[in-house]
Structures are given as C-alpha cells and as structure tokens.
Amino acid sequence: MHLHQDNPLAMWVPYIDVYVDKLLRLEGRGDLISQSQCAGLGCEAVVEPPSFQGFRCPDCQDFHLFCERCIIVNHSALPFYRVQVMPSSFVNTTLKALGLCIQLGHPDTNICPLPQTAFHDEFIVINSDGIHEVSVKYCGCQQSLPKYTQLLRAHIRKNTFAPGHPRKN
C-alpha cells in the first residue's frame, strides 16, 4: 500500500494550479490592483501606471505601492532590503539607484556637513541574504572617527581594502 506521506509530491500535485495562480498574483499587483495613491502615511502621490511608477518591497512583505520618496524614507534604516519598481511590470532595483545613502558617523537622521563618499561610490555589502550595492558616506567632520570605526559602529565590517589605500581608513 502506497501512503501519501511516502510521496509528498503526490499530495501537492492536486494544488499545482492554485499555487501557480497565487504566485502569479504576487508577480503583479494582486489584491491591490485598484490602489492609485501612495501607501505612505499622509502622502497623496499617484502610483497608478502609466502616469507614475510605484515601488514595493517584497522583503517587508508589504505589497502596497509607494512613491519613490516614501520607499526611501521607509527604508532609511533598512538599506539592504530589495525593492521593486513597476513601470509596466515589477522589476528589481536598488535603494542606492533611488538615492538612498548610508550616512555614517552621525546619529540617525542627522546629516553630516562634510560627508565623504566611499571609494568612487562603489561599496558592496555581503550579508546573509545576498550581495548589495549601497551608497555610503563617511563623516568628514574634524572630530570624526576613523572610517573603519564608523563602519563597525554601523555593524558593517570592512573585509577588503582598496589597493593604494592605507588599512586604517
């Protein structure tokens, strides 16, 4: 006698169409097909194509659409999340491409008056969920800490050093 627990795939086969339907819904706007305004608190930007591009973040598991400004504000403390933009269908983009920058050396929302862009604005972070290209600015104030200390305080470990650059920066 052949039991279903001996063949888990046999238990799943009758649900293939349901799974495909649900996965395809996630690729589009799903239940949010009628959303025409940014889901950001108090924001009234239009996010309905073709007049405007909407952004969403699958990492947040929130499939509401946001305008560019709100998606950046919502992710200022989550720079390694992956976002998607919808010109006509959803495509992956980076928060760096949208203008998000990790400002080091200053608490939360304080802007450094003398920011120093990381080496040619090419900064790659490898973490548990992938490889992320981010924009990083070090604090360049007179009393600023060494760059490696600024990174460590932001929980970013510098594992490589650019040729020609001293190890202490």
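Bear in mind that the values here come from a model prediction, so they are computed numbers and not experimental data.
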Heavy atoms, side chains only, cut-off 4.5 Å: are [X] and [Y] in contact?
X: T149; Y: R153; result: yes
X: H132; Y: N127; result: yes
X: I111; Y: H106; result: no
X: L98; Y: I71; result: yes
X: I131; Y: F80; result: no
X: K137; Y: C112; result: no
X: L151; Y: Y138; result: yes
X: F90; Y: V85; result: no

What's the separation between atom [atom1] in [X] and atom [atom2] in [Y], rounded to the nearest 0.5 Å?
X: N92; Y: Q84; atom1: CG; atom2: CD; answer: 5.0 Å
X: S135; Y: L95; atom1: OG; atom2: CG; answer: 11.0 Å
X: C57; Y: N74; atom1: SG; atom2: CG; answer: 9.0 Å
X: L65; Y: D62; atom1: CG; atom2: CG; answer: 9.5 Å

For the [atom1] atom on [X], are there more than 12 heavy atoms of other groups (residues, nucleotides or ligands in this structure) within a distance under 6.0 Å?
X: L24; atom1: CG; answer: yes
X: R82; atom1: CZ; answer: yes
X: D17; atom1: CG; answer: no

Is it the case that one hydrophobic cluster holds both [X] and [Y], taking links as side-chain heavy atoms less than 4.5 Å apart, direct or via other members?
X: I124; Y: V136; result: no
X: V83; Y: V91; result: yes
X: V20; Y: Y15; result: yes
X: I16; Y: L9; result: yes

Kindly say whether [Y] contributes a backbone atom to a donor-acceptor pair with the side chain of [X] at under 3.5 angstrom?
X: Q150; Y: L145; answer: yes
X: D59; Y: Y81; answer: no
X: Q37; Y: C43; answer: yes
X: Q116; Y: C139; answer: no
X: H64; Y: A39; answer: no

Practice prompt. Could you give me the CA-CA distance, side-chain angles and deciding distance for E68 and I72, then say whether side chain to side chain contact (heavy atoms under 4.5 Å, CB included) is met?
Written response: CA-CA 6 Å; E68 186 171 340; I72 291 171; 4.1 Å; yes
Practice prompt. Take K96 and D121, measure what side chain to side chain contact (heavy atoms under 4.5 Å, CB included) needs, and give me the verdict at the end.
Written response: CA-CA 10 Å; K96 177 186 177 181; D121 200 24; 3.6 Å; yes
Fill in: Geometric cation-pi criterion R56 and F66, 6.0 Å radius, 45° cone
no
For the residue pair [X] and [Y], what are the closest heavy atoms and their distance?
X: A97; Y: T93; result: CB-OG1, 3.7 Å
X: C67; Y: F55; result: C-CD1, 3.8 Å
X: P115; Y: P113; result: CD-C, 3.4 Å

